[in-house]
Participant: 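Please read through the structure below; I'll follow up with questions.
Basis for what follows: all heavy atoms, side chains included, without hydrogens, waters or symmetry-related copies. It should be emphasised that the depicted structure is a prediction, and the values quoted were computed from it without experimental measurement. Convention: sequence-line order gives letters A, B, ...; per-chain numbering from 1.
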There are 2 protein chains.
Amino acid sequence: MSTEPRQSSGKPLTRKGQQTRQRIVAAAAQLMYERGLTEATLEDVRAAAGVSGSQIYHYFADKQALLLAVIDYQTQGVLERQAPLFCRLDTLEGLRRWRDALVELQKRLQCRGGCPIGSLGSEVAENNPEARLAVASGFVRWEAAIRAGLTAMHARGELDGDPDDLALATLAALQGGLLLTQLQRQVRPLEVALDAMLDHIEAHVPRPV
Amino acid sequence: MSTEPRQSSGKPLTRKGQQTRQRIVAAAAQLMYERGLTEATLEDVRAAAGVSGSQIYHYFADKQALLLAVIDYQTQGVLERQAPLFCRLDTLEGLRRWRDALVELQKRLQCRGGCPIGSLGSEVAENNPEARLAVASGFVRWEAAIRAGLTAMHARGELDGDPDDLALATLAALQGGLLLTQLQRQVRPLEVALDAMLDHIEAHVPRPV
């Protein structure tokens, strides 16, 4: 999904330009995460990033271009933060550790913000097809990371369910758990949703007879 | 949650007034569902409901008051549409029928719109505490309807898991499945998420020994 960032004119960026662009995207991502997409204006982003209005337009033709960059940035962020755990998702113990880390993160955030990708997705799903597809493709990458672990278990004969279905159901449980946790400002929905899914996966682990 | 609707001045409504108010809320709900909360302006609502601007303010002091009425309206709608199925959620067969009805509805909607309550919740969660609490309380009612069925199964000795946890996990699976279905415009995430949860519940049904 990530392509080399460019100026809105299409010219390649210098290294300093890349840093400025990244600062704008990070500021926009934070504001959209805290306030919601439409409450975060370009003027807010400009002030938060400490750049001029013309600098923003130097990098982004319009708010849509900035939004697509934010979706990519948030997807990268989610995947990179979880990467050390993803490579362990091929054991029940690794899956439980991943669950614990997701729950701990929500506790640290006081259950604010929900999923950085899912909440953007919900806001754009009915009014911005290009952004909807960008979010959907972010979720495809996330699902693939979960599926990789379950597929490895399956290949080793340690899982007798369908790894594709189980991965998608796990991502759904995670998303629904995060939304309810965000709304209730308590971590229980996320815990209960993930525990149910991981118990379900565990039930598909063949036991020695 | 529902209290007797009144004029924004606090006076009770006549029957005709109640109908006009209901028409405004229904139009606002539809627009917010189709376009997202912030894209649906009071002017759009006014035009869609076929009323004057002063009529809207006669019933709603501001957009916030209208939004709270929409959250209540959507919660009522979801609960009423599912009510005939809720009373069957105390058997596995009833749970599977409910799952089928939810999937069929998404097919009819071409997977557009997501959950009418959940998508509002995602939009208000970080910038509107009063609306966030209203959505959270709508979900509490939904969860209670699912829990009632599972609690009845448990009381009859037909479920050996915790009905509270299973109900919350089922609602989370449903919400996450709906979000991914909405983003991907295909019904598979919802199907797979609910099937995993119902299989999990089925695994908690004691078998005759």
Side-chain angles (χ1 to χ4, degrees), chain A residues 33-39 112-115 118-128 132-133 135-140 143 161-162 164-185 188-197 199-201 203-204, chain B residues 33-39 112-115 118-128 132-133 135-140 143 161-162 164-185 188-197 199-201 203-204:
Chain A
Y33 184 66
E34 284 169 7
R35 302 182 190 175
L37 179 52
T38 38
E39 303 281 326
R112 287 170 199 280
C115 172
S119 45
L120 281 172
S122 192
E123 283 199 76
V124 301
E126 300 311 319
N127 53 39
N128 192 332
R132 175 178 66 75
L133 287 171
V135 173
S137 110
F139 275 126
V140 166
E143 187 188 334
D162 179 329
D164 294 358
D165 285 357
L166 290 172
L168 180 53
T170 302
L171 183 59
L174 169 54
Q175 285 300 311
L178 278 174
L179 174 62
L180 296 176
T181 279
Q182 179 186 21
L183 289 168
Q184 297 185 9
R185 296 285 195 251
R188 185 175 160 250
L190 180 63
E191 289 176 327
V192 164
L194 286 175
D195 286 344
M197 262 317 296
D199 288 352
H200 180 60
I201 289 173
H204 282 83
Chain B
Y33 184 66
E34 283 169 5
R35 303 182 190 175
L37 177 53
T38 38
E39 301 282 326
R112 286 168 201 279
C115 172
S119 45
L120 281 173
S122 192
E123 285 199 76
V124 302
E126 301 311 319
N127 53 39
N128 192 332
R132 174 177 67 74
L133 287 171
V135 173
S137 111
F139 275 126
V140 165
E143 187 188 334
D162 179 329
D164 294 357
D165 284 358
L166 290 172
L168 181 53
T170 302
L171 182 60
L174 168 54
Q175 285 301 311
L178 279 173
L179 174 63
L180 296 176
T181 278
Q182 178 186 22
L183 289 167
Q184 296 184 10
R185 296 286 195 250
R188 184 175 161 250
L190 181 63
E191 289 177 327
V192 164
L194 286 175
D195 286 343
M197 261 318 296
D199 288 351
H200 180 61
I201 290 173
H204 282 85

Participant: With side chains defined as the heavy atoms from C-beta onward, is the minimum distance between A/His200 and B/Met197 less than 4.5 Å?
Facilitator: no
Participant: Can you see which heavy atom on B/Gly176 is nearest to which on A/Gln175, and at what distance?
Facilitator: CA-CB, 4.0 Å
Participant: Report which part of B/Ala203 has an atom under 4.5 Å of a heavy atom belonging to chain A: side chain, backbone, both, or neither.
Facilitator: neither
Participant: Name all residues meeting the side chain to side chain contact (heavy atoms under 4.5 Å, CB included) criterion together with A/Glu123; count only those two or more places apart in sequence or in a different chain, and write none if there are none.
Facilitator: A/Leu37, A/Thr38, B/Glu123
Participant: Taking every heavy-atom pair that is under 4.5 Å apart, which of A/Leu171, A/Leu168, A/Leu194 has the most such pairs with chain B?
Facilitator: A/Leu168
Participant: With a 4.5 angstrom heavy-atom cut-off, which part of A/Glu191 approaches chain B: side chain, backbone, both or neither?
Facilitator: neither
Participant: Most heavy-atom pairs under 4.5 angstrom with chain A, which of B/Gly114, B/Ala173, B/Pro189?
Facilitator: B/Pro189
Participant: Can you tell which of B/Ala169, B/Gly36, B/Gly177 has the highest number of heavy-atom pairs within less than 4.5 Å of chain A?
Facilitator: B/Ala169
Participant: So for A/Glu39, is it side chain, backbone, both, or neither that comes closer than 4.5 Å to the heavy atoms of chain B?
Facilitator: side chain
Participant: Could you check whether any side-chain N or O of A/Glu126 sits under 3.5 Å from a backbone N or O of B/Gly113, counting only pairs where one atom can act as donor and the other as acceptor?
Facilitator: yes
Participant: Which atom pair, heavy atoms only, marks the closest approach of A/Arg132 to B/Leu183?
Facilitator: NH1-O, 2.7 Å
Participant: For chain B, which of A/Glu34, A/Arg35, A/Arg188 has the most heavy-atom pairs under 4.5 Å?
Facilitator: A/Arg188
Participant: Just jot down the side chain to side chain donor-acceptor pair (under 3.5 Å) partners of B/Arg112, sequence neighbours excluded, or say none.
Facilitator: none
Participant: Find the one option among B/Ala193, B/Gly161, B/Ala196 whose heavy-atom pairs under 4.5 Å with chain A are most numerous.
Facilitator: B/Ala196
Participant: What is the distance from atom CG of A/Leu179 to atom CG of B/Leu178, rounded to the nearest 0.5 Å?
Facilitator: 10.5 Å
Participant: Under a 4.5 Å heavy-atom cut-off, does chain A meet the side chain of B/Asp164, its backbone, both or neither?
Facilitator: both
Participant: Any donor and acceptor pair, going by atom type alone, linking the side chain of B/Asp165 with main-chain N or O of A/Val192 inside 3.5 Å?
Facilitator: no
